[in-house]
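Please read the structure below before turning to the comments.
When a residue number appears, it is its place in the shown sequence, counting from 1.
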Amino acid sequence: MTRDELMKEAIGLSVRNVAEGGGPFGAVIARDGEIIATGVNRVTADNDPTAHAEVSAIRAAARKLGTFDLSGCEIYASCEPCPMCLGAIYWARLDRLFYGGTSQDAESAGFGDAFIYGELALKPEERALPSENIMRKEAQEAFLAWNGKEDRIKY
């Protein structure tokens with residue numbers, strides 16, 4: 001499939017998902033023009049704040065391919081990803097992101113991410129969500145154990 005056909009599929013998923021009670025977002029993960037996995041927004045339908053289209057597609061692709069590393073794949077999102085989804089796209093190591101609508105389009109439909117982007121630029125103690133660093137030394141034990149494992153899988 002061409003990139004336009006793959007984007008049309010992501011957009012079609014988003015439109016169908018609205019009709020089925022989900023949010024207006026769809027995503028397709030493809031490799032060499034072949035669809036590996038798809039996802040739609042099911043946040044309100046499933047009462048899961050992480051059930052965004054891109055995250056759902058990444059989870060499905062990772063399960064199908066048996067790896068957390070989706071190098072060699074591209075993601076087609078019906079809209080510019082939110083901060084959570086963009087982070088997941090980077091963590092999944094997708095080669096490229098294509099998106100249809102913009103964050104401004106999402107904002108006009110009531111899906112605003114500007115607040116979160118602004119919060120990320122602040123120091124934790126300056127954010128609207130009260131945040132406090134506690135028990136750091138104790139928490140570092142897991143990292144020490146991780147660094148000491150010879151059989152750890154790097155990611």
* Asked: In this structure, are over 12 heavy atoms from other groups packed under 6.0 Å from Arg3 atom CZ?
  -> no
* **Glu126 CD: over 12 foreign heavy atoms closer than 6.0 Å** => yes
* Asked: Do Arg31 side-chain atoms and Ile36 backbone N/O form a donor-acceptor pair below 3.5 Å?
  -> no
* Between Ala77 and Ala10, which heavy-atom pair has the shortest distance, and what is it? -> C-CB, 4.4 Å
* Do Arg152 side-chain atoms and Lys149 backbone N/O form a donor-acceptor pair below 3.5 Å? -> yes
* Asked: Are any side-chain N or O atoms of Ser78 and backbone N or O atoms of Gly26, one a donor and one an acceptor, separated by less than 3.5 Å?
  -> yes
* What heavy-atom pair brings Gly100 and Met7 nearest, and what distance separates the two atoms? -> N-CE, 3.7 Å
* In terms of hydrophobic clusters joined by side-chain contacts under 4.5 Å, are Tyr90 and Ile29 together? -> yes
* To do: Would you check if His52 and Met84 make a side-chain contact, meaning some heavy-atom pair closer than 4.5 Å?
  => yes
* To do: Kindly compute the distance separating CG (Asp113) from SG (Cys79), expressed to the nearest 0.5 Å.
  => 8.0 Å
* To do: Compute whether any side-chain donor of one residue and acceptor of the other, for Glu74 and Tyr76, lie under 3.5 angstrom apart.
  => yes
* Asked: Are a donor atom and an acceptor atom from the side chains of Asp48 and Thr50 found within less than 3.5 Å of each other?
  -> yes
* With a 4.5 Å limit on heavy-atom distance, are the side chains of Val28 and Leu13 in contact? -> yes
* **Gly39 versus Ala57, closest heavy-atom pair with distance** => N-CB, 3.7 Å
* Ile35 versus Leu6: any side-chain heavy-atom pair under 4.5 Å? -> yes
* With sequence neighbours left out, what residues match Asp69 under salt bridge (Lys or Arg N to Asp or Glu O under 4.0 Å)? -> Arg93
* Spatial distance of atom CD (Glu141) from atom CE (Met135) [nearest 0.5 Å] -> 8.5 Å
* To do: Give a yes or no on whether Val15 and Val18 share a hydrophobic cluster (residues Ile, Leu, Val, Met, Phe, Trp, Tyr; joining criterion: side-chain heavy atoms under 4.5 Å apart).
  => no
* Asked: Between Thr44 (side chain) and Arg42 (backbone), is there a donor-acceptor pair under 3.5 Å?
  -> no
* Identify whether Tyr117 and Leu97 are in the same connected component of the hydrophobic contact network (ILVMFWY, side-chain heavy atoms under 4.5 Å). => yes
* To do: Show the numbers, then the answer: is there a side-chain contact (heavy atoms from CB on, under 4.5 Å) between Asp95 and Ser71?
  => CA-CA 6 Å; Asp95 287 358; Ser71 297; 4.2 Å; yes
* **Any donor-acceptor N/O pair, Asn17 side chain to Asn41 backbone, under 3.5 Å** => yes
* same_hphob_cluster(Leu65, Leu94) at 4.5 Å side-chain heavy-atom cutoff -> yes
* Structure fact -> Note: Pro81 and Leu86 closest approach over all heavy atoms is CB-N, 3.9 Å
* Pairwise distance OG1(Thr67) to CD1(Ile153) - rounded to 0.5 angstrom -> 9.0 Å
* Asked: Do NZ/NE/NH1/NH2 and the carboxylate oxygens of Arg16 and Glu9 come within less than 4.0 Å?
  -> yes
* Are Phe25 and Phe111 close enough, and set up right, to give a ring pair (Phe, Tyr, Trp, His ring centres under 6.0 Å), and what steps lead you there? -> CA-CA 11 Å; Phe25 302 96; Phe111 298 91; 5.0 Å; yes
* Structure fact -> Taken in chain and number order and not counting sequence neighbours, the residues that satisfy side chain to side chain contact (heavy atoms under 4.5 Å, CB included) with Lys137 are none
* Donor-acceptor pair, Asp105 side chain versus Thr102 backbone, under 3.5 Å? -> yes
* **Contact summary for Ser131 and Pro124, nearest pair of heavy atoms** => CB-O, 3.7 Å
* Nearest 0.5 Å please: distance from the CD atom of Glu54 over to the CZ atom of Arg59. => 12.0 Å
* Does Thr2 offer a backbone N or O that forms a donor-acceptor pair with the side chain of Glu5 under 3.5 Å? -> yes
* Asked: What do you reckon, is CG of Leu120 surrounded by more than 12 foreign heavy atoms closer than 6.0 Å?
  -> yes
* Indicate the atoms forming the closest heavy-atom contact of Val55 with Ala88, along with that distance. => CG2-CB, 4.2 Å
